[in-house]
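Proteins come first, then strands; the chains are lettered A, B, ... in the order of their sequence lines, and each starts at number 1.
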2 protein chains.
Amino acid sequence: MLSDVMEDYLKAIYSLQMEHGPPVSTSSIAEYLGKTPPTVTSMVGKLEERGLLEREKYKGVELTTEGETVALEVLRHHRLLEAYLTEHLDYSWSEVHEEADALEHHISEEFERRVAAALGDPEVDPHGDPIPSADLTPPKSAGLSTLSDHGVGDTLVVCRVSDRDPEELEYLSEAGVTPGTTIEITDVAPFGMVTVRVVDSGREQSLPESVAQTIRVRAPDEECEDESVSTV
Amino acid sequence: MLSDVMEDYLKAIYSLQMEHGPPVSTSSIAEYLGKTPPTVTSMVGKLEERGLLEREKYKGVELTTEGETVALEVLRHHRLLEAYLTEHLDYSWSEVHEEADALEHHISEEFERRVAAALGDPEVDPHGDPIPSADLTPPKSAGLSTLSDHGVGDTLVVCRVSDRDPEELEYLSEAGVTPGTTIEITDVAPFGMVTVRVVDSGREQSLPESVAQTIRVRAPDEECEDESVSTV
DNA sequence: GGGTTGAATTAGACGTGTCTAAACTAAATA
DNA sequence: TATTTAGTTTAGACACGTCTAATTCAACCC
Ligand SMILES: [Mn+2]
Ligand SMILES: [Mn+2]
Ligand SMILES: [Mn+2]
Ligand SMILES: [Mn+2]
């Protein structure tokens with residue numbers, strides 16, 4: 001009986017919590033969702049009444065277990081849809097996010113099951129984001145560094161990229177920087193511009209700091225630790 | 001910028017117009033959608049302001065060309081989805097309608113194109129209902145009689161069944177009465193119960209009047225005239 | 001033609017989600 | 001410690017879609 005608007009708030013709070021940890025501020029939610037802060041205060045009040053999050057006035061919010069479960073459910077829908085659209089309907093990397101955002105609130109549990117089955121229960125979506133399992137236990141994810149945490153000479157494998165900006169995705173796919181790609185950092189300019197060489201193609205590519213921060217990487221001999229336990 | 005609620009009204013009015021012709025009364029829309037008459041009056045006023053229908057007070061409404069186009073667009077989405085779910089996600093006949101009703105408002109034009117392509121541009125959905133073409137020109141459909149228009153001894157081919165009641169669909173698929181099936185009427189009871197023999201299986205099946213009215217049929221040597229011109 | 005009646009509309013209310021403007025808090029600054 | 005300020009909340013408004021209760025209309029019957 002949650003509205004799709006409420007689901008969007010919970011999903012947003014979950015993402016912000018993953019990124020910066022709780023408490024999540026009113027203004028960060030507002031910015032993430034493109035709403036005004038009073039709107040967020042009002043909605044957050046309703047979600048608290050429903051027991052989906054805890055709130056400390058003037059501080060911020062944190063999802064309860066129940067709220068987190070809802071967020072994971074929506075995220076599972078979203079990422080399964082992205083995977084399905086890519087695999088079975090020939091969508092590109094950059095197109096799927098918007099479509100999945102519109103559909104994620106409207107598919108049935110039956111649809112979720114059938115899509116998961118058609119895909120063979122995948123563990124990650126096309127951007128490398130982990131797909132929550134059907135039982136919605138919280139994935140022990142993260143622990144991955146970002147491209148901007150590294151320096152010249154480091155050789156890295158791309159694990160995840162942000163799915164929110166189609167233009168950025170277009171650029172990265174054009175550049176050949178996708179999950180699984182091995183890259184080497186060849187230059188870091190003082191103002192944050194990072195230049196990487198794609199090992200397979202030898203191609204060099206410069207990325208602005210803002211983009212480098214959204215690319216999650218691992219050392220060549222590690223796993224993309226989305227399954228294993230790790231420190232937050 | 002039409003809301004999905006508005007789309008549902010236009011779709012409902014279109015269906016009622018096909019069934020009984022304009023003008024479509026407030027109460028019939030209310031009953032079809034499960035709303036109260038004042039709610040319908042209010043919504044119909046807004047749709048009129050937007051030029052999607054014409055209205056004569058205390059008489060009823062009729063879709064404008066623009067309103068009809070919207071209805072056909074939504075109907076195309078709905079029926080393509082039903083076909084896709086049946087063909088590619090292993091849904092049964094009786095399950096698809098509800099799922100399509102939820103998704104039809106939320107798919108993009110891109111999604112519509114890709115689904116149509118994956119299906120090879122089908123002309124009918126799993127219930128035999130015609131899928132409006134991509135250019136949304138009004139299908140010159142109808143002209144088909146219903147099972148209850150016929151009498152004992154008539155041999156007929158099933159063209160379309162109603163998609164709105166999952167239980168009825170369950171029953172019909174169990175009985176082997178699906179679009180394309182040849183049947184022969186073996187008995188018509190005075191209170192409207194019709195008994196038919198499925199020619200291929202030899203199986204006999206009785207159907208209540210209410211169901212017989214929703215089954216569109218043709219003579220064995222005709223076409224299901226959904227493409228050709230015919231009188232309304 | 002005038003009354004009866006059933007359908008349609010108007011009136012008024014409510015919940016949801018959003019906004020702007022005003023008030024308030026708490027943290028940083030002087 | 002007092003003031004400024006950035007961020008948050010409250011106050012009040014509005015659009016949407018819905019309802020119930022009251023009113024109005026038009027068609028039918030006598
Ligand atoms: Mn996405
Ligand atoms: Mn689910
Ligand atoms: Mn249907
Ligand atoms: Mn369309």
Side-chain angles (χ1 to χ4, degrees), chain A residues 1-14 16-17 19-63 67 70-71 74 101-102 104-106, chain B residues 1-14 16-17 19-63 67 70-71 74 101-102 104-106:
Chain A
M1 309 303 80
L2 291 185
S3 67
D4 43 350
V5 173
M6 285 178 172
E7 289 184 351
D8 278 336
Y9 275 85
L10 295 173
K11 194 174 55 140
I13 294 165
Y14 180 85
L16 292 166
Q17 230 168 242
E19 201 68 27
H20 307 291
V24 177
S25 71
T26 300
S27 51
S28 66
I29 301 170
E31 199 210 329
Y32 192 93
L33 291 174
K35 307 277 163 73
T36 62
T39 300
V40 172
T41 299
S42 154
M43 187 68 229
V44 144
K46 286 171 199 163
L47 295 171
E48 187 188 25
E49 275 172 21
R50 295 215 191 198
L52 296 162
L53 51 78
E54 267 157 33
R55 186 187 174 213
E56 205 170 339
K57 266 198 185 171
Y58 294 98
K59 280 289 187 345
V61 300
E62 176 171 5
L63 294 180
V70 173
V74 181
D101 252 359
E104 63 190 8
H105 312 291
H106 304 285
Chain B
M1 313 308 85
L2 292 184
S3 66
D4 44 349
V5 172
M6 284 178 171
E7 289 184 351
D8 278 336
Y9 275 85
L10 295 172
K11 194 174 55 140
I13 294 164
Y14 180 85
L16 292 166
Q17 231 169 239
E19 200 69 27
H20 308 291
V24 176
S25 70
T26 300
S27 50
S28 67
I29 301 169
E31 199 211 329
Y32 191 94
L33 291 173
K35 308 276 163 76
T36 63
T39 299
V40 172
T41 298
S42 153
M43 188 67 229
V44 144
K46 286 170 199 163
L47 295 171
E48 188 187 24
E49 275 172 21
R50 297 216 190 197
L52 297 162
L53 51 78
E54 266 157 31
R55 185 187 175 213
E56 205 169 340
K57 263 198 187 171
Y58 295 99
K59 280 289 189 340
V61 300
E62 176 170 5
L63 295 179
V70 174
V74 181
D101 253 0
E104 63 190 7
H105 313 291
H106 304 286

### Query
Is the closest side-chain heavy-atom distance between A:His20 and A:Val24 below 4.5 Å?
no
### Query
Do B:Ile13 and B:Tyr32 have side-chain heavy atoms sitting under 4.5 Å apart?
no
### Message
Expressed as a whole number of angstroms, how long is the span from A:Leu33:CG to C:dG17:C1'?
### Response
13 Å
### From A:Gln17 atom CD to A:Leu10 atom CG, the distance as rounded to the nearest 0.5 Å
10.0 Å
#### Entry: Flag side-chain contact, heavy atom, 4.5 Å: A:Thr39 against A:Leu33
no
### Task
Any chance you could list the contact pattern along nucleotides 4-17 of chain D? Use B for base contacts, S for sugar-phosphate-only contacts and - for none, protein heavy atoms under 4.0 Å, 5' to 3'.
---BBBB------B
### Query
Which pairs pass salt bridge (Lys or Arg N to Asp or Glu O under 4.0 Å) with one or both residues in residues 46-58 of chain A, sequence neighbours excluded?
A:Glu48-A:Arg55
